[in-house]
J.: 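Take a look at this one; I'll ask things after.
As the structure is a computational prediction, the values presented were derived from the model and not from experiment. Only heavy atoms go into these numbers, but all of them, side chains included; no hydrogens, no water, no symmetry mates.
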Amino acid sequence: MHTWTEILARNPQHSQQYAERWRRIAASGKDIFGEARLIDALVPRQARILDAGCGTGRIGGWLARRGHRVHGVDLDPVLIDYARQDYPEATWEVGDIGVDPLPREEYDVVVCAGNVMGFIAPKQREAAVRNIAQALAPGGRAAVGFGAGRGWEFPDFLDTCRGAGLAVEQRYSTWDLRPFTEDSEFLVALLTPRS
């Protein structure tokens, strides 16, 4: 699996094409907010939410419009520009969760969807998970989802989470909470700081 930076090096128009693809999907009437609905169900209104690897802001933007305080971070400035344009209710900034530190103990929920974990360089994976763990407020949760075949096997990811001080609260195979099995092609992990 290639990192996002490698994909952009091969195709400088990738970010623009990616953003336009999501706009076409939304315009077609397809539901693109399932991840956001799950996060909304996990927290009370006015929750502090970090959308890590936010892309065009579709998850964080939906949550901000429902009364949450959302901060989105993505390493791609083109996608951040889309997020700022489409969802001005939230705060968006360029940053790399595998390199740049995140605010400590600030968020009720950190959501990392859209296969973000598969786009992180292997040498930055542990740092990214530690950043997410350290950003959680006491009692906070992280919700991370990505597909199989993305270069990071699910057991290795979960071991990295445990090493970063996160306990696995639940595992699902979809954002609508279907049970995870050993044959699942997708993982949604709900994680909490270990006490």
Side-chain angles (χ1 to χ4, degrees), residues 4 18-19 22 26 31-77 79-120 125 127-146 157 161 164-172 174-177 186-195:
W4 194 262
Y18 175 86
W22 278 108
D31 178 17
I32 62 169
F33 302 110
E35 303 101 318
R37 284 194 306 277
L38 173 60
I39 300 308
D40 188 46
L42 294 175
V43 292
R45 289 287 163 251
Q46 295 295 314
R48 297 162 301 167
I49 298 173
L50 174 65
D51 188 351
C54 63
T56 60
R58 70 181 172 85
I59 296 168
W62 190 94
L63 291 163
R65 288 182 176 167
R66 274 134 193 96
H68 299 293
R69 293 173 286 161
V70 176
H71 177 198
V73 177
D74 197 286
L75 61 79
D76 192 320
L79 300 183
I80 288 295
D81 285 345
Y82 273 89
R84 288 176 178 153
Q85 177 185 347
D86 292 346
Y87 303 103
E89 304 88 348
T91 301
W92 309 103
E93 74 177 84
V94 176
D96 186 335
I97 65 170
V99 176
D100 302 319
L102 299 170
R104 295 176 72 88
E105 295 189 354
E106 186 159 319
Y107 300 102
D108 302 306
V109 171
V110 175
V111 59
C112 191
N115 289 308
V116 168
M117 288 297 159
F119 293 116
I120 297 173
R125 290 175 177 170
V129 172
R130 286 194 186 284
N131 276 342
I132 289 169
Q134 292 171 354
L136 290 171
R141 294 160 129 175
V144 179
F146 65 102
F157 166 74
C161 290
L166 293 169
V168 179
E169 184 178 281
Q170 296 289 336
R171 295 179 305 160
Y172 301 103
T174 63
W175 286 96
D176 62 353
L177 308 183
F186 199 85
L187 169 68
V188 176
L190 292 184
L191 307 157
T192 56
R194 259 197 329 255
S195 26

J.: If you compare all heavy atoms of Ala113 against all heavy atoms of Trp175, which two are closest, and at what distance to 0.1 Å?
T.: CB-CZ2, 3.6 Å
J.: Report yes if the side chains of Met117 and Ile132 come closer than 4.5 Å at any heavy-atom pair, otherwise no.
T.: yes
J.: Under the side-chain contact (heavy atoms from CB on, under 4.5 Å) rule, what do Trp22 and Ile32 come out as? Steps first, then yes or no, please.
T.: CA-CA 8 Å; Trp22 278 108; Ile32 62 169; 3.6 Å; yes
J.: Considering only heavy atoms from C-beta outward, does the side chain of Val144 approach that of Val111 to under 4.5 Å?
T.: no
J.: Which value, rounded to the nearest 0.5 Å, describes the distance between Glu35 atom CD and Ile59 atom CD1?
T.: 4.0 Å
J.: In residues 92-102, what donor-acceptor pairs under 3.5 Å come from side-chain atoms, sequence neighbours left out?
T.:
from   : atom 1 : to    : atom 2 : distance (Å)
Trp92  : NE1    : Ala83 : O      : 3.3
Trp92  : NE1    : Tyr87 : O      : 2.8
Glu93  : OE1    : His71 : NE2    : 2.7
Asp96  : OD1    : Gly98 : N      : 2.9
Asp100 : OD2    : Asp96 : N      : 2.8

J.: Once rounded to the nearest 0.5 Å, what's the spacing between atom OH of Tyr82 and atom OG1 of Thr56?
T.: 9.0 Å
J.: Tell me if the aromatic rings of Phe157 and Phe146 count as close, with their centers under 6.0 Å from one another.
T.: yes
J.: Could you report the tightest heavy-atom contact between Gly53 and Asp74, atom names first, then the distance?
T.: C-OD2, 3.3 Å
J.: Please find the pair of heavy atoms, one from Ala64 and one from Ala90, that lie closest to each other, and give the distance.
T.: CB-CB, 4.0 Å
J.: Among residues at least two apart in sequence or on other chains, which ones pass side-chain contact (heavy atoms from CB on, under 4.5 Å) with Pro88?
T.: none
J.: Looking at Trp62, is Arg58 sitting on its ring face, NZ or CZ under 6.0 Å from the six-membered ring centre and within 45 degrees of the normal?
T.: no
J.: Mind checking the CZ-CG spacing from Arg37 to Leu42? Nearest 0.5 Å is all I need.
T.: 13.0 Å
J.: Side chain to side chain contact (heavy atoms under 4.5 Å, CB included) with Cys54: which of Ile80, Val73, Leu79?
T.: Ile80
J.: How close do Leu63 and Ala36 get, heavy atom to heavy atom, and via which atoms?
T.: CD2-O, 3.3 Å
J.: Taking atom CZ of Arg141 and atom CG of Leu191, what is their separation to the nearest 0.5 Å?
T.: 10.5 Å
J.: Determine whether a donor-acceptor pair (N or O, by modelled atom type, separation under 3.5 Å) exists between the side chain of Asp51 and the backbone of Gly60.
T.: yes
J.: Within the 4.5 Å heavy-atom criterion, are Glu105 and Gln134 side-chain neighbours or not?
T.: no
J.: Mind checking whether Leu177 and Leu38 have side chains closer than 4.5 Å, heavy atoms only?
T.: yes
J.: What closest approach, in Å, do Leu75 and Pro77 show between heavy atoms, and which atom pair accounts for it?
T.: O-CD, 3.2 Å
J.: Quick check on Arg104: does its CZ atom have over 12 non-hydrogen neighbours (other residues, nucleotides or ligands) under 6.0 Å away?
T.: no
J.: How many angstroms lie between CZ in Arg66 and CD in Glu89, if you round to the nearest 0.5 Å?
T.: 10.0 Å
J.: State, to 0.1 Å, how close Ala143 and Ile39 come at their nearest heavy-atom pair, and which atoms those are.
T.: CB-CD1, 3.5 Å
J.: Does any pair with a residue in residues 40-49 pass side-chain hydrogen bond (donor to acceptor under 3.5 Å, both in side chains), and if so which ones, sequence neighbours excluded?
T.: Asp40-Arg45, Asp40-His68, Arg45-His68, Arg48-Asp108
J.: With heavy-atom distances below 4.5 Å as the criterion, would you say the side chains of Phe186 and Thr174 are in contact?
T.: no
J.: Please walk me through it: do Trp4 and Tyr18 pass ring-ring contact (aromatic ring centres under 6.0 Å, His included)?
T.: CA-CA 12 Å; Trp4 194 262; Tyr18 175 86; 5.3 Å; yes
J.: My understanding is that only one of Leu136, Leu190, Val70, Val43 makes a side chain to side chain contact (heavy atoms under 4.5 Å, CB included) with Val109; could you say which?
T.: Val43
J.: When rounded to the nearest 0.5 angstrom, what is the spacing between CZ in Arg125 and CZ in Arg130?
T.: 15.5 Å
